[in-house]
Visitor: 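I have a structure here, written as structure tokens, and I will follow up with some questions on it.
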There are 4 protein chains.
Amino acid sequence: MSPRTPKQFEKIRHDRRKSIMDTALEVFSENGYANASISMIAKKAGISKGLMYNYFKSKEELLSTIVLDGLNEMFELLDPNKDGVLTKEEFTYFIEEVFKLINEKRTFYKLYFSLMMQPSVWKLFEARLAEIIEPFMKITIDYYAKKGVENPLLESLLISALFDGIGFHYVFNPEQYPLDDIKKLLIERFV
Amino acid sequence: MSPRTPKQFEKIRHDRRKSIMDTALEVFSENGYANASISMIAKKAGISKGLMYNYFKSKEELLSTIVLDGLNEMFELLDPNKDGVLTKEEFTYFIEEVFKLINEKRTFYKLYFSLMMQPSVWKLFEARLAEIIEPFMKITIDYYAKKGVENPLLESLLISALFDGIGFHYVFNPEQYPLDDIKKLLIERFV
Amino acid sequence: MSPRTPKQFEKIRHDRRKSIMDTALEVFSENGYANASISMIAKKAGISKGLMYNYFKSKEELLSTIVLDGLNEMFELLDPNKDGVLTKEEFTYFIEEVFKLINEKRTFYKLYFSLMMQPSVWKLFEARLAEIIEPFMKITIDYYAKKGVENPLLESLLISALFDGIGFHYVFNPEQYPLDDIKKLLIERFV
Amino acid sequence: MSPRTPKQFEKIRHDRRKSIMDTALEVFSENGYANASISMIAKKAGISKGLMYNYFKSKEELLSTIVLDGLNEMFELLDPNKDGVLTKEEFTYFIEEVFKLINEKRTFYKLYFSLMMQPSVWKLFEARLAEIIEPFMKITIDYYAKKGVENPLLESLLISALFDGIGFHYVFNPEQYPLDDIKKLLIERFV
DNA sequence: CATGAATGAGCTTTCATTCAT
DNA sequence: GATGAATGAAAGCTCATTCAT
């Protein structure tokens, strides 16, 4: 039982931080930000309220960390990282990724939607989201332009509206939504 | 000098009630239900907090009155009232109506989205909304079936996701969204 | 249809006043003073809140008028008005009167008990009540003294405690309380 | 320096809880439940309003804890715990106990009376009180039956009315009430 | 590092009272 | 006289945040 090394301490801190964030995401997403209390989160995470403030300096910072983290994951998942060109196969793959995202990050997505509707809160994340949406729009516009679609921008707006609309409906009623069929249809129709 | 007649009282009540509801819709929509306080609403409506409760017996009743009223208007705007058959022209007209709705009731639409994300609150309105959505789904499914589309249900889900997605994006950034162009494209593509 | 005479106006005022007081007594007694609202009373009395304030300048004044009036009635019912001497028959009659009072003024009695327990409110009526209790005590003490009871004061305290205790129990559970039997026993035992 | 141990926390909680209950009993008893505000209690107890709700989840729970606690003490003080038979000495002792109770728990007794008069609140405690009153009635009825009194139930009602009536008067004016003399008289007369 | 008691601002709601008509 | 819309103070309660230990 030698004393813990600094690295071990850091790992403990990191793990705890992650566990708080996971718990908080769940609680925020379930109850809405305003209705979720720090007490609930702390209890569910198995720590004291005081300790929470050791990891996040306010409820708002906790939220914003969660959201920015989530957006970063989104960014990574969606980041094509391919220098400009998007083939048909790549676009198909891309859509698959979007749907994987919708499905895997359902909880996050729910929170994201609920925040989006509150300008007062949303302002915090708008900029970061733009960083994700912009390349997404650019790459699809390029794709449609190359494909010879009449108005690539509109086409691109259409498919992004579809992504959000589908995500919205799915998150709202995940059990009965035919997500896979919709995905296939989308690939048929929009690739 | 002479006391107010019942008719005068009724007018006062009606006007005030309307003004409270209008203000509240704005405040709820801007801040989310949970974040909007009765104080904010009262101040913005230029009345005392107490008076609110002369008109609505709770914050929840205020919300629910606003939402049900809005859904009723939606219902009237969208109610096809055509016994079963939907021609191409009618469907075009129908889409026009939906976009008119999105545009005119922007504030309400925003509130509607934000509530959808909070199951605890949403339960209050689910039933009424179903009455609107159900005939909408039915009529579009029928339309696509008659048109010979392979999977009418999926097609219908697709277009309803589009409506919500577009509404979502438009509400979010109404100045720059090319709503009319999108509408034209939608009619071209989905009618 | 000649215009109403001043006397008629006065009668209207008097009747209305009485009706407000009766209603208020009921409402106060049923709900307790603090839980009874002016709105409830006005509605139940069939008049507007504003008019209430035409008859009583505050809720407290309404209460105090009711209580003092009730105490006056008590006073009249119990006032022996017999110059000093109290025969056995008169004492029996007196006890009959007390029980009649308990029974007839059940509602008032309930209010009276509930107020008695709140020093802050009670102070208002203490003096008037003393005027009633004092001759009551005096006359019973005299009675017992003449009868040769060892300690007339104690005996008098005992019977007045009994009156209140019985009233208390009866008011609390009027259906099952054997008021008449208790009265007979009391006369047997204490006259 | 070192963090507080669970035992220390428990002591803090226990002490504070007791202090709040003591203060609240006084305030409720002095002003009546409805007229006593949490603010008053908190101020008198020297704590913030918020803290109250760390210890009792509502005003009603605070009241009900106090009353049930008091009734339990009553129960213990009065619980005969003697299997059926009640001798003359035991009955005397029993009356002594009742008077001790009236005297020691004056504040509680006052609250108890004031609550009794408000059916809406009283319902909460009725059942527990019945547990106390029932054996009390039973044991005295048995006693009087054995003694050969003509109507033991009436006799029992009489003495319980006396207990309440005396308590009532004593609580109302404790300084001048000859509680001991009354007690002696009661024992002479009713044992 | 960890705890949870404690605070205080702000929330929803109620209601006696006023007053323009 | 009569109405009820309107006010404002105060109630019960919640919760993010602080801090002594």
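Because the structure is predicted, anything quoted here is derived from the model rather than measured. A, B, ... follow the sequence lines: proteins, then strands. Residue 1 opens every chain.
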Visitor: Let me know the distance between CD of B:Glu60 and P of E:dC11, rounded to the nearest Å.
Guide: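 After rounding, the reported distance stands at 18 Å.
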Visitor: Among residues at least two apart in sequence or on other chains, which ones pass ring-ring contact (aromatic ring centres under 6.0 Å, His included) with B:Phe172?
Guide: A:Trp122
Visitor: Going by heavy atoms closer than 4.0 Å, what residues in residues 23-43 of chain B are next to DNA chain F?
Guide: none
Visitor: Nearest-Å distance, CG (C:Leu62) to P (E:dT17)?
Guide: 10 Å
Visitor: Go through it in stages, so that I can follow the logic: the residues are D:Asp69 and D:Phe108, the test is side chain to side chain contact (heavy atoms under 4.5 Å, CB included), and I'd like the CA-CA distance, side-chain angles, deciding distance and then a yes or no.
Guide: CA-CA 10 Å; D:Asp69 256 45; D:Phe108 176 74; over 6 Å; no
Visitor: Just how far, in rounded Å, is C1' of E:dA2 from CD1 of A:Ile20?
Guide: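 That distance rounds to 12 Å.
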Visitor: Which atom pairs link the protein and nucleotides 3-5 of chain F when you take only N or O atoms and keep those under 3.5 Å?
Guide:
{"residue": "F:dT3", "atom": "OP2", "partner": "C:Ser48", "partner atom": "N", "Å": "3.2"}
{"residue": "F:dT3", "atom": "OP2", "partner": "C:Ser48", "partner atom": "OG", "Å": "3.1"}
{"residue": "F:dA5", "atom": "OP2", "partner": "B:Arg13", "partner atom": "NH1", "Å": "2.4"}

Visitor: Any side-chain N or O of A:Tyr53 less than 4.0 Å from the OP1 or OP2 oxygen of F:dT17?
Guide: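 For F:dT17, OP1/OP2 do have a side-chain N/O of A:Tyr53 under 4.0 Å.
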Visitor: Name the stems with DNA chain E in them: runs of three or more consecutive Watson-Crick or G-U pairs, distances under 3.5 Å?
Guide: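 DNA chain E forms these stems: E:2-21 with F:2-21.
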Visitor: Atom CD of C:Glu10 and atom CZ of C:Arg17: how far apart are they, to the nearest 0.5 Å?
Guide: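 Answer rounded to 0.5 Å: 11.5 Å.
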Visitor: Is it true that the side chains of B:Asn54 and B:Arg16 contain a donor and an acceptor less than 3.5 Å apart?
Guide: no
Visitor: Does the side chain to side chain contact (heavy atoms under 4.5 Å, CB included) test come out yes or no for D:Met117 and C:Leu111, once each step is laid out?
Guide: CA-CA 8 Å; D:Met117 289 297 116; C:Leu111 177 61; over 6 Å; no
Visitor: For the atom pair OG1 (D:Thr23) and NZ (D:Lys43), what is the distance rounded to the nearest 0.5 Å?
Guide: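 Rounded to the nearest 0.5 Å, the OG1-NZ separation comes to 14.0 Å.
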Visitor: In whole angstrom, give the distance that lies between atom NZ of D:Lys59 and atom C1' of E:dT14.
Guide: 13 Å
Visitor: Under the rule for side-chain hydrogen bond (donor to acceptor under 3.5 Å, both in side chains), what residues qualify as partners of A:Glu73, not counting sequence neighbours?
Guide: A:Lys105
Visitor: Shortest non-hydrogen contact from D:Lys59 to D:Ala36?
Guide: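 Distance-wise, the nearest heavy atoms are NZ-O, 2.8 Å.
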Visitor: Sequence neighbours left out, what pairs pass ring-ring contact (aromatic ring centres under 6.0 Å, His included) with at least one residue falling in residues 24-67 of chain D?
Guide: D:Phe28-D:Tyr33
Visitor: Let me confirm one number: the CD1-NZ distance from C:Ile20 to C:Lys44, rounded to the nearest 0.5 Å.
Guide: 14.0 Å
Visitor: Going from CD1 on B:Ile66 to CG on B:Leu115, what distance comes out if it is rounded to the nearest 0.5 angstrom?
Guide: 10.0 Å
Visitor: Heavy atoms under 4.0 Å, any strand shown: does B:Ser58 hit a base, just sugar-phosphate, or nothing?
Guide: sugar-phosphate
